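A quick write-up on the structure given underneath.
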Amino acid sequence: MKKIHLIVMLVSLLLLTTGCIANVRGQKITIQKQVESENNYEDFREVTNRKQVSKAKEIVENADWQDAKVQMDRYADYQFQFPLKNGSQDKIASYLLWVTPSGDNLEIVADSNKYVKLTEQDSATLYEVLTGEALSQR
C-alpha cells in the first residue's frame with residue numbers, strides 16, 4: 001500500500017512540475033538590438049521575470065493601436081517578441097521599436113501593420129523592462 005501511495009505522489013508531483021514549467025516557458029520576452037546603423041540585429045536580452053513580462057504585455061496589448069503602413073526614417077532601435085496564446089494556438093508576436101528623437105517616447109510597429117506611439121509613462125516603463133535601463137539614460 002505504501003508503494004502505491006508513493007507512486008501516486010511521484011506521478012502527481014511530476015504532472016504538477018511539468019505544468020508549471022509549461023507556464024513559465026511562455027513567460028519571456030526576447031529582445032534584439034540594432035547594430036551598425038543597418039537592418040542587422042543581435043540578441044540583446046531575454047526578460048523572464050513574470051511581473052516584468054506581464055507589465056510589458058499589458059502595455060503593448062492596451063496601447064491605442066492604429067491600422068497604418070508606417071514608413072519610418074531609420075531602422076528600428078530594437079526588435080522584441082513574446083509568445084501569445086490565441087485560443088488553443090501558440091503564436092509569436094513580433095514588434096519593431098523606435099525611441100523618438102526627443103528620447104521621451106517609444107514608437108512601435110507590429111507585424112500586423114499596426115502602429116502606436118506610447119505615452120511617456122508607458123514608454124519609460126516598457127523601455128526599462130526591455131533594456132534594463134531608464135529611458136532618460138539613453
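The basis for the numbers below is simple: all heavy atoms, side chains too, and nothing from hydrogens, waters or symmetry mates. Keep in mind that what you see is a predicted model, and the values were worked out from it rather than measured.
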Mind checking the [atom1]-[atom2] spacing from [X] to [Y]? Nearest 0.5 Å is all I need.
| X | Y | atom1 | atom2 | result |
| --- | --- | --- | --- | --- |
| F82 | I29 | CZ | CD1 | 6.0 Å |
| I108 | Q79 | CD1 | CD | 13.0 Å |
| D104 | Q121 | CG | CD | 13.5 Å |
| L106 | E120 | CG | CD | 10.5 Å |

Practice task
Check side-chain hydrogen bond (donor to acceptor under 3.5 Å, both in side chains) between Q52 and all other residues, then give those that pass, not counting sequence neighbours.
Solution key: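 With sequence neighbours excluded, Q52 shows a side-chain hydrogen bond (donor to acceptor under 3.5 Å, both in side chains) to no residue whatsoever.
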Exercise for the section: May I ask you to say whether E46 pairs ionically with K28, meaning some side-chain N is under 4.0 Å from a carboxylate O? Expected result: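 Yes.
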Practice task
Decide, yes or no, whether a salt bridge links K114 with D67 under the criterion of side-chain N to carboxylate O below 4.0 Å.
Solution key: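 Yes.
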Problem - Heavy-atom side-chain proximity of Q27 to K57 below 4.5 angstrom - result: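 Touching, per the 4.5 Å side-chain cut-off.
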Handout entry: Check: E107 and V116 side chains under 4.5 Å, non-hydrogen atoms
Key =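 Sidechains of E107 and V116: no contact.
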Grab the two heavy atoms, one from [X] and one from [Y], that are nearest each other, plus how far apart they are.
| X | Y | answer |
| --- | --- | --- |
| R45 | E128 | NH1-O, 4.0 Å |
| Q81 | S94 | CG-OG, 3.4 Å |
| I92 | P83 | CD1-CA, 4.2 Å |
| L130 | L97 | CD1-CD1, 3.7 Å |
| S123 | N105 | OG-CA, 3.3 Å |

Exercise for the section: Using the side chain to side chain contact (heavy atoms under 4.5 Å, CB included) rule, take V60 and W65 through it: C-alpha gap first, then chi angles, then the decisive distance, then the call. Expected result: CA-CA 9 Å; V60 171; W65 290 95; 3.8 Å; yes
For [X], enumerate each residue passing the side chain to side chain contact (heavy atoms under 4.5 Å, CB included) test, keeping only those at least two apart in sequence or located in another chain.
| X | value |
| --- | --- |
| Q34 | Y41, Y75 |
| N40 | V35, E38 |
| D122 | I59, L118, T119 |

Exercise for the section: Begin from the C-alpha positions of T100 and K117 and carry the test side chain to side chain contact (heavy atoms under 4.5 Å, CB included) through to its verdict. Expected result: CA-CA 9 Å; T100 58; K117 182 175 182 179; 4.0 Å; yes
Handout entry: Non-neighbouring partners of F44 that pass ring pair (Phe, Tyr, Trp, His ring centres under 6.0 Å), sequence neighbours left out
Key =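 Checked F44 against ring pair (Phe, Tyr, Trp, His ring centres under 6.0 Å); matches are Y78.
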Handout entry: Backbone N/O of W98 and side chain of D77: donor-acceptor pair under 3.5 Å
Key =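 Not at all, since once roles are kept as given, no pair shorter than 3.5 Å links the two residues.
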Exercise for the section: Would you please name every residue forming a salt bridge (Lys or Arg N to Asp or Glu O under 4.0 Å) with D64, sequence neighbours left out? Expected result: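 For D64 there are no salt bridge (Lys or Arg N to Asp or Glu O under 4.0 Å) partners, ignoring immediate neighbours.
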